[in-house]
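Protein chains get the first letters and strands the later ones, always in sequence-line order, with residue 1 at the start of each.
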Number of protein chains: 2
Amino acid sequence: MYNAINSNGNGERGQHWEAQLRKGCLEMAILASLWQSRLYGLEVLRALSEKSQLEIAEGTLYPILSRLKAEGLLQSEWVEAEAGHPRKYYWLTPAGRRRAREMAEAWTAFSTNLSALMQPILGVKQR
Amino acid sequence: MYNAINSNGNGERGQHWEAQLRKGCLEMAILASLWQSRLYGLEVLRALSEKSQLEIAEGTLYPILSRLKAEGLLQSEWVEAEAGHPRKYYWLTPAGRRRAREMAEAWTAFSTNLSALMQPILGVKQR
DNA sequence: GCATAATACATAGCATTACTATGTATAATG
DNA sequence: CATTATACATAGTAATGCTATGTATTATGC
């Protein structure tokens, strides 16, 4: 599985059609990354990268985390590490878990529909 | 198959998290709708709605078609209908076909990755 | 013939969301 | 102590739809 979506897409116009493809999915992806356990910022980045080859810049992540927290979907706390830097841990609130579920379901339907639309293109190529 | 994504999402903030989910996919979807045959504007809308439950407003469609044409991915021509209104037909240029393929492939990878991230959420719910 | 409705396309202002560049703070290392 | 690494934060900018509205042409009914 290769990393098809990163920040340096190679389209002609704007060079970023791939970036647009993933815009709007990031909140959902970030909520999902926190489903199974609480994580601190850079752990979220690593989880996304490892679990779904989704590379997000730090400057993108933190405003989103901040926004989700302001919305009551996440809670956070500062933890002084026994060794190393203090870290800000995030976890899903009950509202956050509900949102994550809603989004996961919507994503499933949406992606299935869109993939169906892509089939003729991929089918021709495979021939 | 129900229409999970339309313009009146029901989230709390901004009410539009679902709209964001599909932003960025529309160019690809529109290019895909033209893969098998040329269509005029409202036919594109209907094709998207019928093939993938994707509802786009006319005001959204035409700027995108215009943009794709400016970019050399589409070509268009006015056709006087034998009965009814004149219509502007669109079809993919060779560059447009290449773009559609690239996007379809990127989409496949991207959506597979993201769906993997969603599995724990959906798995828990199904239990 | 005229007014209204339907069809088809177009556009401008606005809202939203990342991306990019840059910065602050703290701990670790040489 | 200076530099590097880790961790978090933010402001300006770019891109893309959404919403509201408008223009143009054809069809319909009175």
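With rounding to the nearest 0.5 angstrom, the OG1 atom of A/Thr93 is 8.0 Å from the CD atom of A/Gln75. If you take CD on B/Gln20 and CD on A/Glu27, they are separated by 8.0 Å, rounding to the nearest 0.5 Å.
Regarding A/Ile30, its CD1 atom lies at a distance of 7 Å from the P atom of C/dA18, rounded to whole Å. In this structure, A/Leu45 atom CG and D/dC8 atom C1' are separated by 11 Å, rounded to whole Å. In this structure, CG of B/Leu21 is placed 17 Å from P of D/dT16, rounded to the nearest angstrom. Distance A/Glu27 CD to C/dC19 P: 13 Å, rounded to the nearest Å. Residue B/Leu61 contributes atom CG, which lies 13 Å from atom C1' of C/dT11 at whole-angstrom precision. Per the geometry, NE2 belonging to B/His85 stands 10 Å off P belonging to C/dC9, to the nearest Å. Rounded to an integer number of Å, the gap from CG of B/Leu54 to C1' of D/dC18 is 14 Å. Taking atom OH of B/Tyr62 as the reference point, atom P of C/dT7 lies 12 Å away to the nearest angstrom.
The shortest distance between the side-chain N/O atoms of A/Thr60 and the OP1/OP2 oxygens of C/dA18 is not below 4.0 Å. The side chain of A/Arg87 contributes no N or O atom lying less than 4.0 Å from OP1 or OP2 of C/dA27. Here B/Lys23 does not reach the OP1 or OP2 of C/dA18: none of its side-chain N or O atoms lies under 4.0 Å away. Distances shorter than 4.0 Å separate some side-chain N or O of B/Arg22 from OP1 or OP2 on D/dC18. An OP1 or OP2 oxygen of D/dA7 is reached within less than 4.0 angstrom by a side-chain nitrogen or oxygen of A/Tyr40.
The pair B/Glu80-B/Arg87 does not count as a salt bridge, with every side-chain nitrogen at least 4.0 angstrom from each carboxylate oxygen.
Map A/Leu26 and B/Lys88 each onto its nearest nucleotide of DNA chain C; the residue landing nearer the 5' end is B/Lys88. Toward the 5′ end of DNA chain C lies the nearest nucleotide of A/Pro63, the other residue of the pair A/Glu82 and A/Pro63 mapping further downstream.
Counting any heavy atom pair closer than 4.0 Å across all strands shown, B/Leu65 reaches no nucleic acid atom. Within the nucleic acid shown, B/Gly59 comes within 4.0 Å of at least one base atom, counting heavy atoms only. Using a 4.0 Å heavy-atom distance criterion, A/Ala81 is classed as making no nucleic acid contact. Across all strands, A/Tyr90 comes closer than 4.0 Å only to sugar-phosphate atoms, never to a base (heavy-atom distances).
Within the cation-pi definition used here (under 6.0 Å to the ring centroid, within 45° of the axis), A/Arg97 qualifies as a partner of A/Trp35.
Hydrophobic clustering places A/Trp17 together with B/Leu61 (ILVMFWY residues linked when any side-chain heavy atoms are closer than 4.5 Å, directly or through intermediates).
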